[in-house]
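A quick write-up on the structure given underneath.
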Amino acid sequence: MRKKRKGSETNVSPEVTNNFAPTCDSRSSNIRSHYSLEDYARIKKRCKEDVDAHPIGSCKSRLAGVATAPPCGASSLVPPGRGLKRKIGCIEVITRTGRKKKIEDDYVKGDPIGQGKFGLVWLCRSKTSGVEFACKTLHKGEETVHREVEIMQHLSGHPGVVTLQAVYEEPDCFHLVMELCSGGRLIDQMAEGQYSEQRAANIFKDVMLVIKYCHEMGVVHRDIKPENILLTTSGKIKLADFGLAMRISNGQTLSGLAGSPAYVAPEVLLGNYSEKVDIWSAGVLLHALLVGVLPFQGDSLKEVFEAIKNVKLDFHSGKWESVSKPARDLLARMLTRDVSSRITADEVLRHPWILFYTEHSLKTLYTKSKLKNPVEPSVQKFNSPRSESSATSIDSGSCSQRPHLVLSSNSSSCKSEELDENGVVDVLAVAISHVRISEPKRSRLCSPPGPIEQQCSSNLTANNLCRAF
Ligand SMILES: Nc1ncnc2c1ncn2[C@@H]1O[C@H](COP(=O)(O)OP(=O)(O)OP(=O)(O)O)[C@@H](O)[C@H]1O
């Protein structure tokens, strides 16, 4: 969190938790979720009405910080309270879009390509270059709309963020012309079947790279979920939908209830949180990538939130038996309720599981080891907790100062297998040597979540999820 930015948010009364509006569609429904901001907006409105009754520390006074995230390039000390014009002015300068110009002057409108909560997303084509873009039309009236435009502008340029090409203002709306992501959404791709760990790790690394970038830029996304991860035609991921994103300064916390129920971090429900909420949500995404189901479920929002707050996840049985220990170890570190123990985006990126599957040098090392000892891939053993006694693994349950490896000393193993395991150990040892987790954190992290009592884990259907959210 390098940049210091203002931004805090109103607390929301508990009733809002019962008012999230569920939506669903039949595809990929076992991992789909949705949220509603209408209630959030309504509460904000109510706060404004209440302000006379509670002028000091009122919602309104706190909301001023939200509405006035500093414009791009401005100092973090820019006082709150500057209006929309200022932000639009900033956007105009950067996007070189004249205030008087209309979108029709520059683009030909095409078919709708997506429906968001705040309006439609359209295909459009530049009249000058012929290049196609996505155009999101946001209706004015909500602070979040202005904030979304400003934050997109702030983050635009990173390869993992949907690039904002231009912004057009009309009396009642903005048109955001964005880079077109023709590859669809990650959620739809996930519906096509379970991911190999190799594939999951590579996608997940890209997701974490962009989350890390957001955090370094002083932005908390607050709605990390596969619905908001778009793909280009070449399969590159792009983080989209900054409608809930907030600027946050180092050490600052947020308090507004915002996000998608299934992905929301427990501390959001308690009303005081930081950028670590994105790590939790990314952990939920990783869970879905690895085993195809969401970790916290229920038949009502109350149940989902209860699960988020209390359910102990078990990464040892059922589908987890075919997932590698390093993957489970990473997940446990992300889905930890103790925020100070939860790892950072940077630590996720240096976790052995990510390094093992995504670092070219590690793969080469592993391949060389395999060529030297051409037995049945030991990764299979490494993946299978059943063969734990003879497998190379990271013991996520141990409490050492540093992550350590458990290597078989099973005397019945044949020599070639041992050599092969040694190859994997070498690879993981290199990977682990890259991991730096501070000792106090490490000592808290070394206890993985205990046995599970997972709700609706085995037979998720479209219906129960849609009912739930
Ligand atoms: N740049 C883009 N390229 C292609 N499709 C896009 C793009 N941006 C958005 N979409 C499509 O439009 C849909 C809605 O967009 P988005 O999520 O940004 O809107 P929203 O109103 O913020 O949605 P939400 O209801 O999640 O708040 C996306 O799910 C996606 O299918």
Side-chain angles (χ1 to χ4, degrees), residues 20-29 31-41 95 103 107 109-126 131-153 155-167 173-191 210 214 219 221-246 256-264 278 281 285 466 469:
F20 280 102
T23 63
C24 68
D25 81 39
S26 56
R27 292 168 305 159
S28 56
S29 49
I31 43 178
R32 188 182 303 280
S33 69
H34 221 100
Y35 67 90
S36 161
L37 279 178
E38 289 110 337
D39 306 289
Y40 180 51
T95 59
I103 188 165
Y107 295 89
K109 203 174 181 182
D111 295 331
I113 50 173
Q115 172 70 65
K117 194 144 278 111
F118 301 106
L120 272 178
V121 179
W122 305 84
L123 192 68
C124 66
R125 186 187 296 275
S126 164
V131 175
E132 285 187 323
F133 294 92
C135 175
K136 182 171 175 176
T137 300
L138 296 168
H139 292 280
K140 289 182 186 173
E142 287 296 327
E143 285 159 8
T144 53
V145 169
H146 308 145
R147 203 164 58 218
E148 178 170 2
V149 174
E150 193 272 329
I151 286 178
M152 273 197 86
Q153 182 63 65
L155 298 175
S156 220
H158 187 275
V161 174
V162 171
T163 306
L164 187 59
Q165 179 76 11
V167 180
C173 66
F174 295 113
H175 301 289
L176 274 59
V177 180
M178 302 175 285
E179 153 186 29
L180 178 66
C181 301
S182 308
R185 305 174 307 170
L186 181 58
I187 184 89
D188 301 318
Q189 211 184 68
M190 286 166 77
V210 65
C214 289
V219 172
H221 185 278
R222 298 202 300 181
D223 200 18
I224 300 290
K225 59 178 180 178
E227 288 90 333
N228 287 336
I229 295 166
L230 306 181
L231 298 151
T232 63
T233 33
S234 62
K236 292 264 169 249
I237 71 109
K238 299 270 177 181
L239 186 57
D241 195 358
F242 290 86
L244 293 184
M246 287 287 288
L257 181 63
S260 298
Y263 293 83
V264 96
D278 288 343
S281 305
L285 165 65
C466 291
F469 306 116

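Keep in mind it's a predicted model, so treat the numbers as computed, not measured. Order of listing sets the numbers, starting from 1, for every ligand and every atom in it. Heavy-atom basis, side chains included; hydrogens, waters and symmetry copies ignored.
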In ligand 1, the atoms that come under 4.0 Å of a heavy atom of G114 are 11 (C), 12 (O), 13 (C)
In terms of its nearest heavy atom to atom 9 (C) of ligand 1, the top option of N228, V162, V121, T163 is V121
How about I113 and L180: do any of their side-chain heavy atoms sit closer than 4.5 Å?
yes
Under 4.0 Å from one or more heavy atoms of I113, ligand 1 contributes atoms 4 (C), 5 (N)
Are any of the N/O atoms on E148, whether in the backbone or the side chain, positioned under 3.5 angstrom from an N/O atom of ligand 1? no
Practice task
Dump the intermediate steps for side-chain contact (heavy atoms from CB on, under 4.5 Å) on H221 and N228, then the final yes or no.
Solution key: CA-CA 10 Å; H221 185 278; N228 287 336; 4.2 Å; yes
May I ask you to decide if A166's main-chain N or O and H175's side chain share a donor-acceptor pair within less than 3.5 Å? no
Smallest heavy-atom separation, R222 atom then G256 atom, equals NH1-O, 3.9 Å
Look only at interatomic distance and state if E179 has a nitrogen or oxygen under 3.5 Å from any nitrogen or oxygen of ligand 1. yes
Does L230, backbone or side chain, put an N or O under 3.5 Å from an N or O of ligand 1? no
Do S281 side-chain atoms and Y263 backbone N/O form a donor-acceptor pair below 3.5 Å? yes
Next on the checklist: Taking the side chain as everything from C-beta on, heavy atoms only, tell me whether L285 gets closer than 4.5 Å to M190.
Outcome noted: yes
Candidates G183, A134, G184, A240; heavy atom nearest atom 2 (C) of ligand 1 found on A134
In ligand 1, the atoms that come under 4.0 Å of a heavy atom of R185 are 29 (O), 31 (O)
For D241, the ligand 1 atoms with a heavy-atom partner under 4.0 Å come out as 17 (O), 18 (O), 20 (P), 22 (O), 23 (O), 24 (P), 26 (O), 27 (O)
Requested in this report: Report yes if the side chains of K225 and L186 come closer than 4.5 Å at any heavy-atom pair, otherwise no.
Outcome: no
